[in-house]
Amino acid sequence: MTTSASNEAIEQAIRAAHGQALATLIRVVGDFDVAEDALQEAFARAIRFWREHGIPEKPAAWLITTARNVAIDAARRRTVERDKIANPLLLVGAAEREVLESERVSEIASYSHLRDDLLRLIFTCCHPSLRQDQQVLLTLKLILGFDHGALCRALLLARATLDQRLVRAKRALRAASVSYEVPKRHELPERLAGVLRTIYLVFNEGYRTPEAGESNERQALCEEAIRLARMVERLFRHEAEVTGLLALMLLHTSRLGARVQNGAFVPLEEQDRRLWNRGQIREGKILVHKALMANRAGPYQIQAALSLIHCEAPSFEAVPWPRIHALYDALQEVEPSPVVALNRAVALALAGHPEQALTLLMPLADHPRMQGYAPFFVGLAEAHYRAGDRPAAKEALAAGIERTGNTLERAYLEKKLAAWSECP
Amino acid sequence: MKFVCLIYEAEEIMESMNAEERAAVMAGHRALHERLAKDGIEWSGLPLLPTSSAVSIRGRSGAPEVTDGPFAETTEQLAGFYALECETLEQAVEYAKLLPEVAYGTIEVRSEADLTGPG
């Protein structure tokens, strides 16, 4: 224990412990709302106590013990609600209360209990009866420990909107009578897929190109998604898709440092690769290799393998496009979608077969999801350009610019269009 | 004699470190390297990727099987190691004490065994 701690370190410790603390507390006091309220009070005490005495070695255990005592004290004062405490044997005596003040806080439960606690909370936050955006909201708040200010900034919501959504999300959970438990074995694959989907949504919130003038703060969501994926990976060590998702997010994140330079958007083909994070690429690479060794390929693993090819290429010119195309073939098999078909066609164009690419891209134009999808038109433009049809390329690029909301990306595409209009 | 300093730490701690804290840890290791060089101590060592990318190999009966790394039952996991050429255990321990992980993890110092028998 350090002799005192900064506010930042305390906030960090609280955030890191939030998921486990809440999860176990829910089991210990037997009620979701009671647990949440008690934990809030425990946070307030932690901030005061830890500032003076330093952060304890096991912050989660400290928080659970404190919150449990808060819950029990509160229940005693409202004797009617004493029934809410599931196990009266947990009522705490004076001796135990001293544990609060002392340096050593005992473990609340064995490792397997803690593991199940966290699993229950994760599966509950990602319950299929909740809308995707509700799952994201609850995951950020309950597991990753985002306070209301951080939630507003992360999801770009006004405070009033956020409060409304939180109330509705909780209500949706209650309405569906979501039983607070780990899913049955036969339900696990689908439920786990749901959890991974939510984690990836959190990641994508953070991955979006920031608007001109916007700070990089939302990028922290990428790191948080990675942290959550690591949590889930520890709980599901044998699931190749969990490893795959972790790898995918690490590899994407590794390139973030090069994406905006001097306020301008820099596409992959022009990025300064020295700015890429080699440590994350190394970890992503080994995770990909490990996942593939398990021989249970899935969409996240394939996407991670795709990202790895880009991360390892010394330059855009050196990217092995036939390999990229082959991986998109594999992805189209396991998770077909028009976006995958698009990317596969673009890889074909970049591999030197623009006419073939155009044959694949034209029918995609009719797909409803492609109508407003800027990358489709940008990809089409590239294929036309490489096939030698400059007018068609410019027309497609203009259509792509129209559909691009982000001002930085738009500025980049407009420059490109101008360049195509200049040279013969 | 060779002594191995096995560095154990809870991976969650590493994961929730910010850039500054990480930099401080790396600086701590560099300081140790400088000290070892100054004292003329031969050494080698490696930082390791987390157990999420580890694989285990076992072949109790028949062909070796490759499975996942250690299940996270332990509270601390192996994060790296040093091998130091020292005269005594006490000397190795003095260097191990300089590792930044002492503050939040465990350093296990193990001496190399001598497998030669009598004669």
Side-chain angles (χ1 to χ4, degrees), chain A residues 1-2 6 8-9 11-20 55 57-61 107 110-112 114-115 118 144-145 220 223-224 226-240 242-243 245-247 250 277 279-280 282-291 293-295, chain B residues 7-30 45-59 63-81 97-108:
Chain A
M1 235 207 244
T2 52
S6 69
E8 215 185 73
E11 261 173 49
Q12 200 138 13
I14 287 179
R15 253 206 205 187
H18 195 292
Q20 184 69 72
I55 299 171
E57 200 172 304
K58 298 195 165 112
E107 296 273 22
S110 69
Y111 175 79
S112 58
L114 296 177
R115 178 182 182 275
L118 195 51
L144 293 171
E223 300 288 345
E224 292 292 330
I226 288 171
R227 177 161 80 96
L228 185 50
R230 289 193 193 277
M231 246 190 251
V232 174
E233 190 279 332
R234 261 192 289 275
L235 298 168
F236 287 96
R237 187 132 277 185
H238 52 287
E239 293 289 338
V242 181
T243 305
L245 177 59
L246 178 56
L250 281 166
N277 185 320
Q280 286 174 324
R282 166 64 64 91
E283 189 177 0
K285 171 184 177 130
I286 303 297
L287 286 167
V288 167
H289 290 188
K290 171 178 173 172
M293 273 173 81
N295 231 347
Chain B
I7 302 169
Y8 289 95
E9 67 198 25
E11 284 176 348
E12 291 100 319
I13 295 185
M14 267 306 278
E15 285 160 24
S16 26
M17 276 189 185
N18 61 28
E20 251 174 40
E21 291 170 310
R22 259 181 256 264
V25 172
M26 304 235 289
H29 282 268
R30 278 197 302 270
L46 287 178
L48 300 175
L49 281 178
T51 54
S52 47
S53 54
V55 292
S56 297
I57 304 167
R58 283 199 185 91
E65 261 182 46
V66 179
T67 57
D68 307 284
F71 267 85
E73 295 287 347
T74 55
T75 47
E76 291 182 331
Q77 295 82 37
L78 184 65
F81 66 88
K97 281 184 182 175
L98 301 175
L99 284 165
E101 285 84 357
V102 166
Y104 53 90
T106 305
I107 317 294
E108 187 179 311

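Everything numeric in this text was worked out from a predicted model, so none of it was measured. Here is the naming used below: chain letters follow the sequence lines, and residue numbers restart at 1 for every chain.
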_Over all atoms of both residues, closest heavy-atom pair of Q12(A) and N18(B)_ = OE1-ND2, 3.5 Å
*Kindly give the heavy-atom pair with the smallest separation between S52(B) and L287(A), and that separation in Å.*
O-CD2, 3.5 Å
*Non-hydrogen atoms of chain B under 4.5 Å away: do they reach the side chain of I226(A), the backbone, both or neither?*
neither
*Proximal component of R282(A), with respect to chain B [non-hydrogen, under 4.5 Å]*: both
*Could you walk me through whether K290(A) and D68(B) pass side chain to side chain contact (heavy atoms under 4.5 Å, CB included), step by step?*
CA-CA 8 Å; K290(A) 171 178 173 172; D68(B) 307 284; 3.7 Å; yes
*asked:* Is A54(B) close to chain A through its backbone or its side chain, or both, or neither, when contacts mean heavy atoms under 4.5 Å?
replied: backbone
*What residues form a salt bridge (Lys or Arg N to Asp or Glu O under 4.0 Å) with E223(A), not counting sequence neighbours?*
none
*asked:* Just to verify, what does E233(A) make a salt bridge (Lys or Arg N to Asp or Glu O under 4.0 Å) with, not counting sequence neighbours?
replied: R237(A)
*Determine, stepwise, if the pair Q20(A) / E12(B) fulfils side chain to side chain contact (heavy atoms under 4.5 Å, CB included).*
CA-CA 11 Å; Q20(A) 184 69 72; E12(B) 291 100 319; over 6 Å; no
_Among I286(A), V288(A), L246(A), residue most engaged with chain B (heavy-atom pairs, under 4.5 Å)_ = I286(A)
*asked:* What's the separation between atom CZ in R230(A) and atom CE in M14(B), rounded to the nearest 0.5 Å?
replied: 9.0 Å
